[in-house]
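Down below is the structure, laid out as C-alpha cells.
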Amino acid sequence: MDNIISDIINNDLLFGKDKEKGIVGVYQLSDTSIRVFNRENDEVRFHDELFFPFFFLSDSSLLDGFVPEEKEKFWLIKLGGANYYQFLAIFQNLKNHRSALDFINKRQYSDKAENKNITYESNSHVYNKGDAVTQYLLQSGKTLFKGMMFDEIYRMQIDIETNYDPSIQRSRGYVSEEDEIIIVSLSDNRGWESVLHSKNSTEKALLGTLVALIAKMDPDVIEGHNIFNFDLPYLQRRCERHGIPFAIGRNGMLPKTYPASIRFAERSIDYTFFDIPGRHVIDTLFLVQSYDVSKRSMQSYGLKAVARHFGFASPERTYVDYKDIATLWKNNHEKLLAYALDDVRETRALSSLLSGSNFYLVQMLPYTYAMTARIGQAAKIEILLVREYLRCKHSIPKPSSGQQHSGGYTEVFLKGILGPIVYADVESLYPSIMLSYNICPESDELRVFPVVLNDLKELRFKAKEKSREEKNLGHTSLAENFDAMQGSFKILINAMYGYLGFNNGIFNDFMEADKVTSTGQSLAKKMIVEFETRGCKVIEVDTDGILFVPPENITTELAERELVNEVSKLMPEGINIGYDGRFRKMISYMKKNYALLGYNNIMTLKGSSLTSRSGEKFGRDFVRRGFEMLLTEDINGLHNLFTEYREKILNHEMDISDFSKTETIKNSIEQYLADVKSGKRSKSITYEIVIKAGITITKGERITYYISGTGMGNASWDKGKLASEWNKEKPDENTYFYLKRLDEHCQKFLPFFKPQDYRMIFSTDSLFLFSAEGIELQKEIRHTETTHNHEEPS
DNA sequence: AGCTGTGGCAGGGAGG
DNA sequence: CCTCCCTGCCAC
C-alpha cells in the first residue's frame with residue numbers, strides 16, 4: 001500500500017463478507033452503533049452498544065483471529081467505549097503498553113460514568129428478514145459518503161417555533177416547557193420546503209405529521225441551528241407528553257441521547273447529543289463557532305446575525321420578536337409561517353457554506369459525519385494513526401505525561417509609525433519543519449506519523465491541482481468542491497504539530513514538539529539576520545512572519561518579491577519564505593498588536609489590546625479612529641476626537657451598545673460559587689450579575705452588562721447591571737467609570753508623543769485653545785537594543 | 001466525556 | 001499605591 005490516507009478514502013467500507021462465519025455485512029449506523037447482518041437465521045441483529053473499532057474494517061479479515069465463540073462474546077459484550085481496548089487486548093503484545101483489560105474494567109465500573117447517568121441500555125432487537133436487510137446493505141456505502149460530492153447527500157433542515165405564553169413564569173425570555181410547538185419549518189438541499197403548523201389542528205397532530213414526514217423524506221443528515229440544545233430535546237419532550245414515539249431514526253428507531261460537550265478554543269459548551277440511528281445530526285451553531293475561532297469576526301452566533309454576517313439574509317426576510325409570537329399566532333399567523341421558513345432557509349445556506357470541509361474529512365477519517373463534526377483536531381489525527389496500527393495489528397501506546405516547554409519566537413524591534421512595509425512569512429512553518437526534520441513521536445513504533453503527514457501533503461497538492469484544472473475548464477462547482485477537499489487536508493496537516501504536545505494524545509511526544517518549535521525559533525532568527533544584512537529594518541517577528549521596512553533602493557513590489565525570494569533561497573531545504581503583502585504604513589504598538597495601512601488606504605488592526613471584543617465598543621471605535629489619525633498625522637483631529645468622546649460620556653449621549661461589555665460565561669454558576677468559596681478564584685462581575693438577576697444560564701452563553709451608579713471607585717463585582725436593564729430615559733451608567741475607561745484608551749497613544757504633548761492633546765484643562773503647533777509625532781522608537789546576535793548559531 | 005499548542009496584553013480582585 | 005495572580009481574548 002503506497003498511501004495510508006488514499007487507502008482509507010478508497011477502501012474503507014463498513015461492510016464485509018464472511019458467509020462461512022455467518023457475517024454478511026457490518027454497517028455503521030451512527031456514532032455508537034453498528035449493525036451486523038447475520039444470514040444464518042435470516043435475521044438481522046442490532047448491536048447498538050458497539051463502539052468505533054469496526055469503523056476500521058475494510059473487510060472482515062480482522063475477525064479472522066477470533067474463534068466463533070469469542071466472536072459471539074465480543075458482539076454481545078456491553079462496554080460502552082471500552083470494547084475498543086478489547087480489540088487491542090486481543091491483537092496485542094502488551095509489553096510496555098497499557099493493560100487493556102484493566103482499562104476496560106476501570107471504564108466499566110467507573111463512578112464517573114455512572115454519575116453522568118449515561119445509559120448504555122441494551123437495544124438488541126431481532127428483526128425479520130426482508131426489506132430492512134436490503135435497505136441497509138444498499139446504504140452501507142453511503143454512511144461514510146465514499147466518493148461522493150457534498151451536494152449528493154440528502155440534507156434536511158428543521159426549525160421549531162413555540163407559542164410564547166406570557167402567563168408562564170420563565171427565565172430570560174426563553175421558551176418554557178409549557179409552551180406548545182405551533183410551527184415546524186422544514187427544507188432540504190434539493191429545493192423542497194414545507195411549513196407544518198397547528199393552526200387548524202393540535203400540537204399532537206403536528207408532531208405526528210412531523211415524525212411521519214421525516215420517515216418518508218428519509219434524510220441522511222438533519223440540520224438545525226442550536227438543534228442539540230433546543231429543537232431536538234424540545235420536540236422529544238413534547239412527543240413524550242402526547243405519547244407519540246419520537247421515531248425519527250431509520251427504520252422507525254428512536255434517538256439515543258447523552259450529555260456531551262464541545263470545545264471552541266478556550267470555552268466549552270455542554271449539550272445533549274442526539275444519536276439518531278441511520279442519520280447524522282449537524283448543529284450549525286457549532287459550525288459557526290468553530291468558524292469564528294480562527295476568524296474572530298462575529299459579534300453574535302444567533303442565526304439572524306450570522307445570516308447577515310455572511311450576506312445571505314434575504315432583504316425581504318421576516319423578523320419577529322419572541323414576545324410577539326403569541327399575538328402574531330392569533331392575528332397574523334401567515335407572517336409567522338414566513339418567519340419560520342426564513343429560519344430554515346438560512347440554516348440551509350449556513351450549512352452549505354460551512355459543512356464542506358467536515359464532509360470531505362469524513363471520507364478521510366474512520367469516523368461518521370456527525371462524529372467528525374463534533375470531535376477536535378487532535379482526535380482526528382489520532383484516529384488516523386490508530387487506524388493504521390489496527391490494520392497492522394500492532395499495539396497502541398499510552399500517552400506520556402509531561403509538558404512542552406517552548407513555543408513561537410516573538411519580538412518587536414521597532415515601535416512607532418513606520419513605512420513602507422513588507423510582510424513575509426515562512427510557508428507552513430511547523431508542517432515543513434516536521435517533514436524536513438523527519439519529526440516522529442518516539443512511541444510511534446511503526447513510524448506512521450511522518451508517513452501520514454507526507455500523504456496528507458501530497459493529497460492536498462493533488463486536490464489543489466484538481467481544483468485549478470476544474471476551474472480552468474469552467475466547472476466552478478467541482479472546483480469549489482475540490483477546494484473544500486484541499487481545505488480538509490490542510491486542517492489535518494496543521495493539527496499534527498499540536499497533537500505532539502497534546503497531553504492526552506496516545507502518540508504525544510513533548511521532546512519532539514519542542515524540537516519543532518525551537519527549530520522554528522532558529523529559522524525565524526536566521527530570517528531576521530538575512531533581511532537585516534540586506535538593509536531591511538525589521539519591525540516585528542511573530543513565530544513565522546516578519547514585518548520590515550525594505551531598504552530605500554527597493555521601491556516596487558517586484559523588487560520586494562525578489563528580495564524575499566533571495567532570502568528564501570538561503571533557508572534550509574524544504575523551508576520557503578513567501579511574500580505575503582505590502583503596506584503603505586504600519587503602527588507598531590506592542591508584540592502581537594499593530595495596525596497596517598494598505599495601499600488602498602484601508603487600515604487593519606491586530607491584537608487584543610486594540611481589537612478585543614470584550615471591551616466597550618466606544619473604546620474600540622475611539623482607538624480605531626485615533627489610529628487612523630495617527631497614520632494621517634492629524635493631531636488636531638486627535639484632540640477633537642478626545643473632546644468628542646469626553647462630552648458624549650459626560651452628557652450621557654452614548655447608547656447602551658456603545659458602553660456595554662459582552663463576556664462569555666465559561667463555568668456553571670455552581671462551579672463559580674464553589675471556586676469562590678474555596679478561594680480558587682476571585683469574584684467576577686459577570687457571574688455576580690447573573691446571580692443577582694436570578695437568571696438561568698448555561699456555560700458558553702454571553703452576558704452583556706454595564707457599570708452603573710455614581711461612585712468614584714473602580715469597577716467592582718457588585719456594580720454591574722444587565723444591558724437590558726438600562727433605560728434610555730433615565731441613563732444611570734457610571735460617568736466617572738467610563739471617563740476613566742476613556743483615559744485608559746488614551747494611554748494607547750502615549751508612546752507616539754512627548755509626555756507634555758500627550759498631556760496637551762488628551763486633556764481639556766488647557767487655559768488656551770488647543771493648537772497642534774510644535775507637536776511632533778514620535779515616529780520611530782527603538783524597542784530592543786538588538787537583542788538578537790548577528791553571529792550565526794553553530 | 002472529551003479536550004491541539006505557546007506567547008502576550010488588559011483588566012480586575014486580593015492582599016500587603 | 002504596588003505586586004501577584006487569574007481570567008479572557010487574541011496572534012500565530
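- With rounding to whole Å, A:E744 atom CD is found 8 Å from B:dG11 atom C1'.
- For B:dG8, neither phosphate oxygen OP1 nor OP2 lies less than 4.0 angstrom from any side-chain nitrogen or oxygen of A:K592.
- The distance between atom CZ of A:F510 and atom C1' of B:dT4, rounded to the nearest whole Å, is 11 Å.
- Contact annotation: A:K380 does not reach the phosphate of B:dT4 (side-chain N/O to OP1 or OP2, under 4.0 Å).
- Nearest nucleotide to the A:K606 side chain, out of B:dG12, C:dA11, B:dG5: C:dA11.
- Between the CZ atom of A:F274 and the C1' atom of B:dA1 there is a distance of 17 Å, given to the nearest Å.
- Not less than 6.0 angstrom separates the ring centroid of A:F659 from the ring centroid of A:F618.
- One atom, OH of A:Y409, and another, P of B:dG8, lie 10 Å apart when rounded to the nearest Å.
- Considering only side-chain N and O atoms, A:R741 lies under 4.0 angstrom from the phosphate OP1 or OP2 of B:dG11.
- Note on A:K591 versus A:D542: no salt bridge recorded, every NZ/NE/NH1/NH2 to OD/OE distance being 4.0 Å or above.
- Comparing B:dG8, B:dG5, C:dC10 by their closest approach to the side chain of A:T611 singles out C:dC10.
- In this structure, the CG atom of A:L429 is 15 Å from the P atom of B:dG7, given to the nearest Å.
- One interatomic measurement links the two molecules: CG of A:N503 to P of B:dG5, which rounds to 8 Å at whole-angstrom precision.
- Of the candidates C:dC9, B:dC3, B:dC9, C:dC9 carries the atom nearest the A:S614 side chain, counting heavy atoms from C-beta on.
- Taking 4.0 angstrom as the limit, A:Y589 places a side-chain polar atom (N or O) nearer than this to OP1 or OP2 of B:dA10.
- Considering only side-chain atoms of A:K683, the nucleotide from B:dA14, C:dC10, C:dC12 that sits closest is B:dA14.
- In this structure, the NZ atom of A:K591 is 16 Å from the P atom of C:dA11, given to the nearest Å.
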Inset, instruction - Go through A:F273 and A:F228 one step at a time and tell me if the ring-ring contact (aromatic ring centres under 6.0 Å, His included) criterion holds. - result: CA-CA 6 Å; A:F273 181 68; A:F228 283 130; 5.4 Å; yes
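- Of the candidates C:dA11, B:dG12, C:dC10, C:dA11 carries the atom nearest the A:D542 side chain, counting heavy atoms from C-beta on.
- Rounded to the nearest 0.5 angstrom, A:S660 OG and A:L722 CG are separated by 10.5 Å.
- With distances taken from any side-chain atom of A:S261 to the nucleotides B:dG8, C:dC9, B:dA1, the minimum falls on B:dA1.
- Atom pair A:I707:CD1 and B:dG11:C1' shows a separation of 12 Å (rounding to whole Å applied).
- Interface remark: the A:N593 side chain does not form any donor-acceptor pair with the B:dC9 base, using a distance-only criterion of under 3.5 Å.
- Below the 3.5 angstrom threshold, one finds no donor paired with an acceptor across the side chain of A:S684 and the base of B:dG13.
- Using modelled atom types, one finds no donor on one side chain facing an acceptor on the other under 3.5 Å when comparing A:Y706 with A:E616.
- Closest to the A:Q404 side chain, of the nucleotides C:dC9, C:dC10, B:dT6, is B:dT6.
- Using a 4.0 Å heavy-atom cutoff across all strands shown, A:G498 reaches at least one base atom of the nucleic acid.
- Between A:D621 and A:K617 there is a salt bridge, since at least one side-chain N of the basic residue sits less than 4.0 Å from a carboxylate O of the acidic one.
- Side-chain nitrogen and oxygen atoms of A:Y594 include at least one within less than 4.0 Å of the OP1 or OP2 phosphate oxygen of C:dC12.
- Along DNA chain B, the nucleotide closest to A:S406 and the one closest to A:M590 are compared, and the more 5′ of them pairs with A:S406.
- A:S268 comes within contact range of no nucleotide atom at all, as no heavy-atom separation falls under 4.0 Å.
- With distances taken from any side-chain atom of A:A379 to the nucleotides C:dC9, B:dC3, C:dC12, the minimum falls on B:dC3.
- Within a 6.0 Å sphere centred on CD of A:E442, other residues, nucleotides and ligands contribute 12 heavy atoms or fewer.
- In this structure, A:N504 reaches the bases: a heavy-atom distance under 4.0 Å links it to at least one base atom across the strands shown.
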